[in-house]
Undergrad: 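Dropping a structure here in structure tokens format, bear with me for questions.
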Amino acid sequence: MRINDLSKEIGKSNRELLSFLEKQGRKAAPMSNVTAEEANLIRDYFKPKNTEASRVDKSKAQQDGAERAEMQGEQPKKKKKFTAVFRPENAQQIRVKNSGNEGAKPQEKAVTEKAAEKTAEKPKENVEKKPETAAPQKKPADSRPPIKTAVSSRLPQGRSAEETRLAIQSRLNALGNSGPRNGGQQRQGGYGNRNGQGNGGYGNRSGQGNGGYGNRNGQSGGYGNRNGQGSGPRTGQGGFSARPGQGNGGYGNRGGSQGAAASGDSALVKKTVSSRPNKNNFKDKNDKRHKTEDGFKSGGRNGRATRHPFIMPEKPKVEKVEEEIKELILPDTLTIGELAKMMKRPASDLIKKLFAKGEMYTMNSEISYEKAEEIALEYDILCTREEKVDVIEELLREENENPEDMVSRPPVVVVMGHVDHGKTSLLDAIRKTSVTSREAGGITQHIGAYQVKAHDRLITFLDTPGHEAFTAMRMRGAEATDIAVLVVAADDGVMPQTIEAINHAKAANVEIIVAINKIDKPDANIDRVKQELMQYELVAEDWGGSTIICPISAKTHEGIDNLLDMILLTADVKELKANPNRNARGLVIEAQLDKGKGPVATILVQKGTLHVGDYVAAGACSGKVRAMLNDRGMRVKEAKPSTPVEIQGLNAVPNAGEIMVAMDTDKEAKDFAATFISEGKNKLIEETKAKLSLDDVFGQIKAGEMKELPIIVKADVQGSVEAVKQSLSKLSNDEVQVKVIHSGVGTISESDVALASASNAIIIGFNVRPDATAKSTAEHEQVDLRLYKVIYQAIDDVERALNGMLAPVYEERVIGHAEVRAIFKASGVGTIAGSYVLDGKIQRGCKARITRGKDQIFDGELASLKRFKDDVKEVAAGYECGLVFEKFNDLAEGDQVEAYAMVEVPREKA
Ligand SMILES: Nc1nc2c(ncn2[C@@H]2O[C@H](COP(=O)(O)OP(=O)(O)OP(=O)(O)O)[C@@H](O)[C@H]2O)c(=O)[nH]1
């Protein structure tokens with residue numbers, strides 16, 4: 001079985017398996033086969049250790065665990081000190097240079113390279129030396145560093161040195177005799193040597209000789225041999241190997257005998273050398289004709305080569321050092337072209353290979369990581385999924401703070417409710433009561449948030465429309481608010497926007513305090529409101545629930561103090577704390593460009609203290625806090641946690657919802673902003689990509705292991721809303737829950753889209769349309785907005801999406817029966833059951849039960865299915881076949897085989 005298949009089976013990566021095998025002294029590639037024993041060994045190793053075993057050998061288990069954790073890169077997650085962002089364009093590639101030494105470990109490789117360097121240097125060293133004196137210094141062949149060479153790598157493994165030598169010699173002889181070109185190549189050797197010695201007329205041809213060969217020594221084995229560093233076989237070349245150092249043989253020295261003496265370890269060497277032309281043909285380097293003639297002569301004199309003209313040595317082709325990719329880090333999706341580029345292979349290669357398998361792709365076809373891995377594995381390239389680093393998130397990530405540094409901070413409250421239920425009046429009432437109790441002058445300007453004092457404690461109110469507080473401000477996952485005050489008019493009760501507000505608050509996980517307003521009105525009915533609220537899981541405390549409900553009148557200010565008390569009480573329960581002694585961090589509540597002041601931003605400081613003069617960055621903007629105004633328009637020098645302030649000094653207008661951070665230096669702030677600019681766009685694209693769509697609900701669920709489908713339902717009449725809601729809810733089952741997070745009558749509004757975007761929900765509109773802004777927002781935010789005219793179509797769509805969402809259900813289906821009629825034993829395979837298919841068919845990869853008489857003796861997988869010697873996909877009734885069962889050899893004639901397959905079946909509706 002292939003390592004790749006095994007890795008899939010046990011849910012481990014190829015790399016882990018390969019490294020395990022390597023530890024066992026077995027080198028393999030992902031597509032290599034492993035024996036059944038090896039596979040079992042691997043399975044055993046990777047299967048979760050049981051407690052018994054771990055108790056018996058606890059230390060070993062721990063060690064194993066540590067090793068495995070190391071292997072799997074399991075480490076406690078902490079803030080990443082990233083230096084690069086991984087994207088498809090810059091996915092890392094781990095390259096292994098093809099030095100002819102494949103699979104060499106880095107250390108070995110270094111040694112090899114060193115050896116090659118030495119080799120390259122050697123001719124230089126020997127330039128000064130006389131051939132005679134150089135000869136004895138020559139190391140015996142066996143002690144030379146092993147360098148794999150082009151020649152030696154072509155030879156079969158396991159030969160004796162002598163055999164190898166002979167083989168190489170015969171190859172070289174063949175080369176020498178095979179024609180002008182080969183002759184030329186040999187001569188090139190001669191030139192190279194001469195360069196080393198500075199002999200002969202060609203000593204100056206360093207471009208041809210030294211340069212070419214010198215380089216090659218380090219790179220290509222073939223030439224490296226000639227430098228006398230090769231192993232046994234190379235010595236056999238005599239002339240070649242000895243020449244660089246000693247000036248023997250070939251053209252350089254003509255001294256065939258010298259050459260022999262120098263290399264001196266083989267008769268073959270002598271033969272080689274002596275068979276070479278040994279006239280000093282090239283004294284006059286400029287006389288090409290002469291040279292050629294001499295070439296003729298020498299050939300003739302040696303009676304060896306046919307008379308052919310001397311061919312000027314061609315500049316040796318510098319073998320291009322191919323970068324061989326062994327590992328790749330791939331993104332989730334990429335095109336065939338991109339993959340080919342990463343693999344350093346022509347895309348046509350990949351396309352052809354896929355085509356051969358019946359799969360049609362083009363350069364621009366987008367493939368998934370899994371497919372790319374499958375393709376790469378065929379080239380023995382290991383793949384790792386690119387780890388996505390959310391740069392912005394990393395930048396904003398905070399280390400846990402020391403609890404000792406934390407002090408209480410004021411609660412941040414937002415007021416929400418249906419139109420005209422009295423939100424503004426309530427805020428005014430609160431402000432008035434608190435302002436009068438504070439300094440005169442009141443609130444001079446609107447900055448989107450303000451603080452009031454109640455019982456000498458501060459409360460921060462955000463004066464923004466509810467859904468904005470929960471959506472825009474949750475953009476970066478930072479919760480702006482601690483408490484939501486839901487205003488419901490006592491005379492009107494729960495209305496659509498009330499429900500919307502409840503859903504928004506719930507989605508944001510914010511504590512809700514209900515303020516039943518307008519209790520001064522004669523038709524006010526508090527109990528009715530309480531009753532209605534119960535439908536939304538807001539049960540009053542006095543009714544046995546846990547929701548704080550405060551009857552108030554914004555007009556008469558009745559109950560306002562009580563409401564403030566309740567807010568403070570809730571804050572106490574929530575133990576809202578922050579560390580004021582650190583660099584500030586806050587949220588942009590709103591921002592605009594002021595003609596006189598330039599960009600101004602209202603910041604809600606959430607942690608630390610913001611000072612005038614601090615370097616800050618907020619999203620793509622940065623600057624130095626030039627001036628700071630509080631909610632009453634007074635200049636302040638610092639702002640502590642939960643304080644809203646308007647700051648000036650930013651270089652641009654930031655978006656509401658961005659996180660503002662104070663930095664130590666101007667450069668840090670600028671770098672932060674620069675990262676936002678570069679990453680913001682990508683982040684946005686990815687975020688919108690991640691938005692849930694009914695079409696790819698299954699894929700997304702799979703990816704995120706999400707088992708909940710949030711839906712917003714809007715319809716023209718309440719009856720339809722209820723009908724759609726109920727039908728959708730019925731689609732829920734144990735595994736997936738359809739959650740209608742919000743529903744209502746009327747046009748699909750921007751607020752619906754905002755909620756859908758924040759909650760990653762799908763909007764279903766029945767007989768309604770989105771308004772213009774909702775439509776454009778939905779497009780921008782990539783919210784899946786589906787409009788239907790018939791209810792069952794809506795239900796159908798969701799149901800189909802859900803079915804994809806569900807884990808498949810498999811059912812056993814018997815596909816055929818066979819009878820064992822003969823038994824064969826094959827080494828390495830096990831027992832082959834020669835069988836006759838009685839009915840149905842036997843399919844490759846199916847499962848089988850074997851019965852002998854009344855006893856079932858096996859139930860497992862069919863390991864192989866053959867017709868004669870060929871593996872086949874299936875064998876039909878009436879034919880004979882060879883069956884091998886996974887890890888089961890105890891077969892006998894007459895055994896009955898029942899083949900079955902596990903097939904996916906549609907789920908029953910809940
Ligand atoms: N009788 C009475 N009227 C109130 C009370 N609170 C608000 N109102 C009136 O109700 C109307 C709407 O009040 P707003 O405060 O504007 O309501 P809102 O919820 O802010 O309205 P929008 O800003 O349009 O969403 C005004 O005419 C108020 O005077 C109250 O406690 N009692």
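Note that ligands are numbered from 1 as they come in the structure, with each ligand's atoms numbered from 1 the same way.
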Undergrad: Can you confirm whether V600 sits close enough to E646 that some side-chain heavy atom of one is under 4.5 Å from a side-chain heavy atom of the other?
TA: yes
Undergrad: Just checking E541: does its CD atom have more than 12 heavy atoms from other residues, nucleotides or ligands closer to it than 6.0 angstrom?
TA: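 Buried by this count: over 12 neighbours within 6.0 Å.
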Undergrad: When you compare ligand 1 with G422, is there at least one nitrogen or oxygen pair between them that comes in under 3.5 angstrom?
TA: yes
Undergrad: Within the supplied structure, the quantity of interest is the number of heavy atoms (other residues, nucleotides, ligands) at a distance under 6.0 Å from K574 NZ; does it exceed 12?
TA: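 Count over threshold, so yes.
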Undergrad: Quick one: which ligand 1 atoms are inside 4.0 Å of a heavy atom on H418?
TA: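 Answer, ordered by atom number: 19 (O).
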Undergrad: I'd like to check which ligand 1 atoms, numbered from 1 as shown, lie under 4.0 Å from a non-hydrogen atom of D520.
TA: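 It comes down to these atoms of ligand 1: 1 (N), 2 (C), 30 (C), 31 (O), 32 (N).
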Undergrad: Against heavy atoms of T424, which atoms of ligand 1 measure under 4.0 Å?
TA: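 Answer, ordered by atom number: 15 (O), 18 (P), 20 (O), 23 (O).
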Undergrad: Which residue owns the protein heavy atom closest to atom 18 (P) of ligand 1, what's the atom, and how far is it?
TA: K423 N, 3.4 Å
Undergrad: How far is atom 22 (P) of ligand 1 from the closest protein heavy atom, and which atom is that?
TA: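 The answer is D420 N, 3.9 Å.
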Undergrad: To the nearest 0.5 Å, tell me how far L728 CG sits from E799 CD.
TA: 10.0 Å
Undergrad: Can you confirm whether the side chains of D428 and S425 place a donor and an acceptor under 3.5 Å from each other?
TA: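 Result is no, nothing qualifies.
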Undergrad: Output yes when a side-chain donor or acceptor of K714 lies under 3.5 Å from a complementary backbone atom of I748, and no otherwise.
TA: no
Undergrad: Could you say whether the N/O atoms of V419 and ligand 1 ever approach to under 3.5 Å?
TA: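 The answer is no, given that V419 and ligand 1 share no N or O pair closer than 3.5 Å.
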Undergrad: Identify the closest protein heavy atom to atom 5 (C) of ligand 1: which residue and atom is it, and at what distance?
TA: K518 CG, 3.5 Å
Undergrad: Kindly check if the number of other-residue, nucleotide or ligand heavy atoms within 6.0 Å of CD (Q592) is above 12?
TA: yes
Undergrad: List ligand 1 atoms under 4.0 Å from K555, heavy atoms only on the residue side.
TA: 1 (N), 2 (C), 30 (C), 31 (O), 32 (N)
Undergrad: Do R582 and D405 meet the salt-bridge criterion of a basic N to acidic O distance under 4.0 Å?
TA: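 Looking at D405 and R582, the cut-off is not met.
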Undergrad: Rounded to the nearest 0.5 Å, how far does CG of L755 lie from NE2 of H504?
TA: 4.0 Å
Undergrad: Heavy atoms only, cut-off 4.0 Å: how does N517 contact ligand 1, side chain, backbone, both, or neither?
TA: side chain
Undergrad: Which atoms of ligand 1 sit under 4.0 Å from any heavy atom of A554?
TA: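 Per the distance check, 6 (N), 30 (C), 31 (O).
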Undergrad: If you measure every N or O of K521 against every N or O of ligand 1, does any of those distances drop under 3.5 Å?
TA: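 No; every N/O pair is 3.5 Å or more apart.
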Undergrad: Using a distance threshold of 4.0 Å (strictly less than), state whether atom 27 (O) of ligand 1 has a protein heavy-atom neighbour.
TA: no
Undergrad: Just to confirm my output: which protein heavy-atom neighbour is closest to atom 14 (P) of ligand 1, and how far is it?
TA: S425 OG, 3.6 Å
